[in-house]
Amino acid sequence: MPLDFLKRRGGEPSPSQPTPQASVTSVILPEEAVAQEHQLRLSFSGKSSEGVRMNSGPAAMAELPGMLDGLGKADVEIVEPLPLEYSQATPTIVRPSEAMQWLNAHHMQSPIARHALLVLESIDAVDMAFDTFVCTLLEGELDTSGYPEYNAIVGGVASHWDEATGDMIARAVVGWGGRGARGDTDRNGAKILGGLLTNILASPHAIGLTSVVRPAQAAGRSGVACAHCGFNSAHERAFYCPKCGMRLARS
Ligand SMILES: [Zn+2]
């Protein structure tokens, strides 16, 4: 195979010409490399309340956005649980397959909802394989692109279906974070969480507080399709459709 393209223009250097390497006279190895420091501190925080058991069945879904009344500073958005095809979705950019799933699943959402999902999924406060999440900006400012600032508080109400009873369990969830932190954000987050929980408990269908036992996601990809809404659940042992709350039919 001819390797002409490797030759320098004008042909090979003659042995009398010094090569560039020859001009480096000496290299003293330092005991320690002189380092410039580079660092980025990212901090994500959040809080979630106990669950509130709701006895209204699938109709309870319609009540979720109203639980943010009086607390939201932007439009309320509903993020539905992800179907099986997005079961690996994770907001981690160095894992392209997971990141692509996450972007494909969430690129239609507003910057506020995407920021909320990034923060709350990163700290495992919501799990979009099972949760329905109604969220908005709860406190603070947006940047010029519409994304919440690091000290803005986002969140709302997350709900899932209790596998033992089929009841909807709703809980308050708030989060914040990014490049920075402020001392009073945690306190404000706790206050807003209390306001959200009060709103959830004010629902006529609320039975009372319950501990939150979130369903475990199936390891495999053998999902179950819901006969009522067609949702393909990533949860192979689920009895209730994560999306519409109806009982899943088994073959
Ligand atoms: Zn369904």
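All heavy atoms count here, side chains included; hydrogens, waters and symmetry mates do not. Counting starts at 1 for both ligands and their atoms, following the listed order.
- Here D186 pairs with K47 under the side chain to side chain donor-acceptor pair (under 3.5 Å) rule; sequence neighbours left out.
- Contacts of E80 classified as salt bridge (charged side-chain N to carboxylate O under 4.0 Å, His left out), with partners at least two apart in sequence or in another chain: K243.
- Only protein N, O or S atoms were considered, and those under 2.8 Å from the Zn ion (ligand 1) are C226 SG, C229 SG, C241 SG, C244 SG.
- For the pair L197/E50, no side-chain contact is recorded, criterion being any heavy-atom separation below 4.5 Å from C-beta on.
- Within the 3.5 Å criterion, the main-chain N or O of N104 finds a donor-acceptor partner in the side chain of H107.
- For S49, there are no side chain to side chain donor-acceptor pair (under 3.5 Å) partners two or more places apart in sequence or in a different chain.
- None of L196, L71, V154 except one satisfies the side chain to side chain contact (heavy atoms under 4.5 Å, CB included) rule with V174; the exception is L196.
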